[in-house]
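First comes the structure, then the notes that go with it.
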Amino acid sequence: MRKVVLITGSTRGIGRAIALKYAQMDYDIIINGLHSVDALHALKDEITVTYQVNCLAYVTDVANYQKVEEMFKDIYSHYESIDVVINNAGTAHIGLFTDLTEDEWDSIMNINLKSIYNVCKQAIPAMVRQQRGNIINISSMWGITGASCEVAYSASKGAVNSLTKALAKELAPSHIRVNAIAPGVIKTDMNKWLDDTEMRALKEEIPMGRFGHPEEVADCCYYLSSKDSSYLTGQIITLDGGMI
Ligand code: NAP
C-alpha cells in the first residue's frame, strides 16, 4: 500500500509543487482547490498519467467546516487514514489596517487559520487510531515578524505558528508530528501584483538575492514528513533565503 498525502490548495503555486513532489516519491495524492477547477483536474491527470499513482481531487472550500466534513467522508471511503496532511490553502490581502473590512478580516482568518482546524479535526482521529501521521502547516515569515499592510495575514499566520507548536505537544504521544514552514517570498501568483520595481526592491532585501521556488518548499515538506526528520516536531522552519 502506498502512503497517502492530502494537500489543500493545490491547484497552483506551492500546493501544486508539493503534490507533484509526493507523486514523484510514489505517494497516493489527494488534491484540493476551490476556484481553479480546470487546473485541479489537469493536475489530477498529470499525476495519474506521469507518475502512475492514485489521485483524488476535491473542489472544496476548506474554510467551510461542513464542506470539509463531506470531503473527508469521501476520503475515508477510499483510505483508512491519511499519512501526511499539508495545510497549504491560503490567501493574502494587501492594504491598510484601517481600510480592512470585517468581512475581509473574517475571510482571511477562515481561509488561513480556520481551514487548519477544519482539516485537522477530520484527519487527527484516524491518525491517532493508526498511531502515526504528519501534519505540515504552510505559514509565512510574516507570521513571525509581522508585515505592514498585511496585518490580518500576519495575524493569521502567527496563529498558525502557535497552533503548530501547541498541537505538536498534544499529538507527540500519539507519534504524530506537527511542523510548519514559514516561507519568505516564493515565486507564485500570490506575488503577481508586484511590479518590476517592487520585485527588484524586494530581491535586494533577500541575502540570497532571489525569490524561492515552489519546488523548494515542496522539498522541505517532504523532508519534514520523512524519517530523516523523525525527532523533529513543533518547529516553524523559516525558508526565506536569509531574509529575516
Ligand atoms: P497561490 O498561488 O495564490 O495559491 C493558493 C492556493 O490556495 C490555490 O490553489 C487556491 O485554489 C487555494 N485556495 C485558496 N482559498 C481556498 C479555499 N477556501 N479552499 C480551498 N482552496 C483554496 O498561493 P501560494 O503562493 O502557492 O501560497 C500557498 C501557501 O503558501 C499559502 O498558505 C500562503 O499564505 C503561503 N505562503 C506563500 C508565500 C509566497 O510568497 N507565495 C509566502 C509565504 C507563505 P483555487 O485557485 O482553486 O481557489
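Every number for a ligand or one of its atoms is a count from 1 in the order of the listing. Just so it is clear, the structure is predicted and the values come from calculations on it, not from any experiment.
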- Query: With a cut-off of 6.0 Å (strictly less than), are more than 12 heavy atoms of other residues, nucleotides or ligands near NZ of Lys165?
  - Reply: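 Not buried by this count: 12 neighbours or fewer within 6.0 Å.
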- Message: What I want to find out is whether Glu216 reaches Arg210 closely enough, with some N-O distance under 4.0 Å, to be called a salt bridge.
- Response: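 Counted as a salt bridge, because a side-chain N and a carboxylate O are separated by less than 4.0 Å.
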- Message: Any carboxylate oxygen within less than 4.0 angstrom of a Lys/Arg side-chain nitrogen, looking at Asp61 and Lys67?
- Response: no
- Query: At what distance, to the nearest 0.5 angstrom, does CD1 of Ile47 lie from CG of Leu56?
  - Reply: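 Nearest 0.5 Å value for the CD1-CG distance: 10.5 Å.
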- Query: Once you round to the nearest 0.5 Å, how far does CD1 of Ile124 lie from CG of Leu171?
  - Reply: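 Ile124 CD1 to Leu171 CG: 4.5 Å, rounded to 0.5 Å.
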- Item | Close-range residues for ligand 1, whose non-hydrogen atoms fall below the 4.0 Å threshold |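 Ligand 1 is contacted, at a heavy-atom distance under 4.0 Å, by Gly9, Ser10, Thr11, Arg12, Gly13, Ile14, Asn32, Gly33, Leu34, His35, Ser36, Thr60, Asp61, Val62, Asn88, Ala89, Gly90, Ile111, Ile138, Ser139, Ser140, Tyr153, Lys157, Pro183, Gly184, Val185, Ile186, Thr188, Asp189, Met190, Asn191.
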- Message: Does either side chain, that of Tyr27 or that of Asp83, offer a donor lying less than 3.5 Å from an acceptor on the other one?
- Response: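 No, no side-chain donor-acceptor pair sits under 3.5 Å.
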